[in-house]
Amino acid sequence: MSFAPLQGLRLFRSRAAPKLRVGSKGLRSFSRSAISFETPKYATLNYINGKFVESKAKEWIDLRNPATQELVTRVPQSTPEELKEAARSASEAFKTWRNASVLSRQRKMLDLQALIRDNMDRLAKSIVEEQGKTFPDAKGDVLRGLQVVEMMCGLPDFTLGQMTEVAKDMDTYTIREPLGVVGGICPFNFPAMIPLWMFPVAIATGNTCIIKPSEKDPGAMMILAELAEKAGIPKGVLNVVHGSVDTVNFICDEPSIKAISFVGSDHAGKYIHARGSANGKRVQANLGAKNHGVIMPDANKNHTLNALTGAAFGAAGQRCMALSTAVFVGEAKHWLPELVERARALKVSEGFQENTDVGPLISPQALQRAKDLIQSSIDEGATVLLDGRDVKVPGFEKGNFLGPTIIKDVKTHMKCYQEEIFAPVLVCLCVDTLDEAIELTNSNRYGNGTAIFTTSGSVSKKFVKEIDVGQVGVNVPIPVPLPMFAFTGSRDSIRGDINFYGRSGIQFYTQLKTVTALWREEDAVSSRASVDMPTMQ
Ligand code: NAD
């Protein structure tokens, strides 16, 4: 594996390449010396009009490895001129890209998916360094995005229109057309998957695109831009700009941007949905979550405890589909001590270390917030069964680590229940009946994901029918659908009504035109005009 600087980074000063240990399953871990190499001096570049360009930014955001606090790169707040240049380049590219044949766009998707697969380890390495995930989990992040690109390889079929002869010699048919320039605003927790929900679908359907990755981990998107270029995506079709609120405001306000895809927190999402919509843009926004796992006493105990442990603490709880709330029904509450033992057994460490289960949180601020929420639960009368606040990670003492934490006796008014903690913290509530569990789940303001664990088909049927949550798992803890479906959500977890990826994604990035055409057979011979209202009879 090569460690040449990324296209998306400018090297200020050279550094020693980290030593790798490559095990039987490929890259498994870095040696300690690789982690503590001299602070690298990289800056993340803009990607505008087919060029990786250094920003003239006055404001820079330091990006630190969450396991070590070492500086990985500096992310610019792209300047107003750079943002305008990205929009100009995307508008210009749209004039020709919209006319690229469907087969040529399909070919680019075929090449892009092959390149992403070939660069899986490189993408995952960037994610571990910038975001903190474990290496296998980072590969999962890439793979779930890659599946969207693979689906877009079936593009010709998805964009087929409809046609019928509505009257003699008169046909009505639909054309699915691209919108123009579209923008994407991404969160930190899936640095590859979420940009891949956006730009491949946008581009394949004939749009041009401006992506703003999270300022906390743009590295994977920069590699993806490099791969898109290699796949032959023409200059200006994909652009990447950086920053935080100023860049977001630009995307919301710039008239040439016709649609915005957003994934992230409630606060930013509601704001972007309101501002973008007020400017007449189409906006899809996936927001926060508090996903409830309902555990019935008849469930398969071993499967359920493993599923809960993985879904609550995997990715350090920083998944929008993490099961962060467990609702034990009746006697199932007696499984709590065993759940604590499984959670305690998880290894907390840096993402390249062998067998790491739980990596660091994204920032010291995120760690402090999670610790404060744990403390608030104690202050409000809950009981912490497993407390990860004092976890020690040898060799990574400066990392933003929080060990798996389990809180019981939680009540719905408590802050730890009301807020999305986004950390390896599982809050547990107990109820007596399935009806109470359903009511509890439906009363929470979020509706992103949920799961029921049971061996009863009737119980699961009732749950699926009565639950008001966008993604429902039956004995499946993280029921994120594959791209032949769409990523759904309900209530406060979503704004806008056209979902990400799948046929929904194609619908989001296109608009329908209907054409009614008359080619009258007798016009070839008759010269008399009709002045009556066309009734198409
Ligand atoms: P975030 O809202 O802080 O950041 C997301 C994007 O919004 C970033 O690009 C950021 O620059 C921008 N942003 C942040 N604050 C802003 C503000 N005040 N004004 C304008 N723009 C702003 O989210 P995050 O912390 O990066 O990601 C975690 C959140 O994303 C969690 O709430 C998680 O549930 C949610 N999420 C949801 C889904 C889903 O599909 N429902 C998927 C992944 C993550």
Side-chain angles (χ1 to χ4, degrees), residues 44 59 61 63 66 75-78 83 130-133 141 144-145 148 183-198 210-218 220-221 240-253 260-276 283-291 315-325 361-363 365-367 369-370 419-423 444-450 469-471 478-481 486-496 499-502 504-505:
T44 299
E59 289 169 47
I61 301 152
L63 192 163
V75 183
Q77 169 54 61
S78 300
L83 297 174
E130 293 191 355
Q131 203 272 355
K133 282 186 193 192
D141 184 331
R144 289 305 302 254
V148 176
I185 302 167
C186 308
F188 79 83
N189 65 329
F190 281 97
M193 179 183 82
I194 288 175
L196 287 168
W197 286 2
M198 299 176 182
I210 302 174
I211 294 285
K212 189 202 90 62
S214 170
E215 63 274 32
K216 293 173 184 159
D217 49 17
M221 182 61 224
V240 187
V241 294
H242 301 285
S244 53
V245 179
D246 288 351
T247 309
V248 167
N249 285 343
F250 174 83
I251 292 173
C252 290
D253 296 345
I260 303 172
S261 298
F262 168 85
V263 179
S265 65
D266 298 13
H267 179 69
K270 286 178 184 168
Y271 167 77
I272 290 165
H273 183 262
R275 189 159 172 159
V283 185
Q284 58 177 180
N286 277 8
L287 316 181
K290 194 84 179 172
N291 307 308
Q318 297 178 120
R319 291 183 184 132
C320 65
M321 286 292 283
L323 272 187
S324 54
T325 306
L361 292 177
I362 188 70
S363 64
Q365 293 77 11
L367 176 62
R369 181 175 170 273
E419 293 193 19
E420 181 183 31
I421 305 177
F422 225 53
N444 189 275
R445 67 193 171 99
Y446 291 114
N448 205 38
T450 186
V469 174
Q471 297 170 110
I478 304 186
V480 177
F487 190 105
T488 44
S490 75
R491 296 183 278 133
D492 256 6
S493 289
I494 196 161
R495 285 289 182 277
N499 299 116
F500 278 86
Y501 66 77
S504 239

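Note that ligands are numbered from 1 as they come in the structure, with each ligand's atoms numbered from 1 the same way.
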>> Within the 4.0 Å heavy-atom shell around H267, which atoms of ligand 1 are there?
In response: 18 (N)

> Is any side-chain heavy atom of N448 closer than 4.5 Å to a side-chain heavy atom of K290?
Replying inline: no

> Against heavy atoms of I185, which atoms of ligand 1 measure under 4.0 Å?
Replying inline: 6 (C), 7 (O), 9 (O)

> Looking at OG1 of T247 and CD of Q77, how far apart are the two atoms once the value is rounded to the nearest 0.5 Å?
Replying inline: 3.5 Å

> Taking the inter-plane angle between the rings of F487 and Y501 on a 0 to 90° scale, is it parallel (under 30°), tilted (30 to 60°) or perpendicular (over 60°)?
Replying inline: perpendicular

> Quick one: does G489 get a heavy atom under 4.0 Å from ligand 1?
Replying inline: no

> What part of F190, side chain, backbone, both or neither, has a heavy atom within less than 4.0 angstrom of ligand 1?
Replying inline: neither

> Of all the non-hydrogen atoms in the protein, which one sits nearest to atom 37 (C) of ligand 1, and at what distance?
Replying inline: L287 O, 3.1 Å

> Going by distance only, is there an N or O of C186 that falls short of 3.5 Å from an N or O of ligand 1?
Replying inline: yes

>> Pairs of nitrogen or oxygen atoms closer than 3.5 Å, one from K212 and one from ligand 1: do any exist?
In response: yes

>> Starting from atom 7 (O) of ligand 1, what is the nearest protein heavy atom, named by residue and atom, and what distance separates them?
In response: F262 CE1, 3.4 Å

> Just wondering, do E420 and S324 contact through their side chains at under 4.5 Å, heavy atoms?
Replying inline: no

>> Return the closest protein heavy atom for atom 15 (N) of ligand 1 as residue, atom name and distance.
In response: A268 CB, 3.8 Å

>> Return the SG to CD1 distance between C186 and I211, rounded to the nearest 0.5 Å.
In response: 5.0 Å

>> Below 4.0 Å, non-hydrogen atoms only: which portion of N249 touches ligand 1? Side chain, backbone, both or neither.
In response: neither

> So is K216 polar-close to ligand 1, meaning N/O to N/O under 3.5 Å?
Replying inline: no

> What's the shortest heavy-atom distance between V148 and L196, and which atoms?
Replying inline: CG1-O, 3.4 Å

>> Given R319, K290, E215, identify the one with the heavy atom nearest to atom 11 (O) of ligand 1.
In response: E215

> Which ligand 1 atoms are under 4.0 Å away from a heavy-atom of N189?
Replying inline: 43 (C), 44 (C)

> Hey, are the side chains of Q131 and N189 touching, using non-hydrogen atoms and a 4.5 Å cut-off?
Replying inline: yes

>> Please determine whether any non-hydrogen atom of I194 lies less than 4.0 Å from an atom of ligand 1.
In response: yes

> Can you tell me which residue and heavy atom of the protein come closest to atom 12 (C) of ligand 1, and the distance to 0.1 Å?
Replying inline: V248 CG2, 4.0 Å

> Can you tell which part of Q318 has a heavy atom less than 4.0 Å from ligand 1: side chain, backbone, both or neither?
Replying inline: neither

> Which heavy atom of the protein is the closest neighbour of atom 27 (O) of ligand 1, given with residue, atom name and distance?
Replying inline: P187 CB, 3.3 Å

>> Can you report which non-hydrogen protein atom sits closest to atom 17 (C) of ligand 1, along with the distance?
In response: V245 CG2, 3.8 Å

> Which residue holds the protein heavy atom closest to atom 26 (O) of ligand 1, what is that atom called, and what is the gap in Å?
Replying inline: F188 N, 3.0 Å

> Any N/O of N286 closer than 3.5 Å to an N/O of ligand 1?
Replying inline: yes

>> Among R275, R495, H273, which residue satisfies the side-chain contact (heavy atoms from CB on, under 4.5 Å) criterion with V283?
In response: H273

> Under 3.5 Å, N or O to N or O, is G264 touching ligand 1 that way?
Replying inline: yes

> Nearest to atom 2 (O) of ligand 1, what protein heavy atom do you find, and at what distance?
Replying inline: S265 OG, 2.5 Å

> Using heavy atoms and a threshold below 4.0 Å, how should the contact between E420 and ligand 1 be classified: side chain, backbone, both, or neither?
Replying inline: side chain

>> Using a plain distance cutoff, I'd like to know if F422 has any nitrogen or oxygen under 3.5 Å from a nitrogen or oxygen of ligand 1.
In response: no

>> I'd like to check which ligand 1 atoms, numbered from 1 as shown, lie under 4.0 Å from a non-hydrogen atom of N448.
In response: 41 (N)

>> With a cutoff of 4.0 Å, is F500 in contact with ligand 1, counting heavy atoms of the residue only?
In response: no

> Of the choices A322, C320, G470, which has the non-hydrogen atom that lies closest to atom 42 (C) of ligand 1?
Replying inline: C320

> Using heavy atoms and a threshold below 4.0 Å, how should the contact between I494 and ligand 1 be classified: side chain, backbone, both, or neither?
Replying inline: neither

>> Tell me whether K270 contacts the main-chain N or O of D492 through its side chain, where contact means a donor paired with an acceptor under 3.5 Å.
In response: no

>> Would you say atom 4 (O) of ligand 1 makes contact with the protein, given that contact here means a non-hydrogen protein atom less than 4.0 Å away?
In response: no

> Which class fits the ring pair F188 and F422: parallel under 30°, tilted 30 to 60°, perpendicular over 60°?
Replying inline: perpendicular

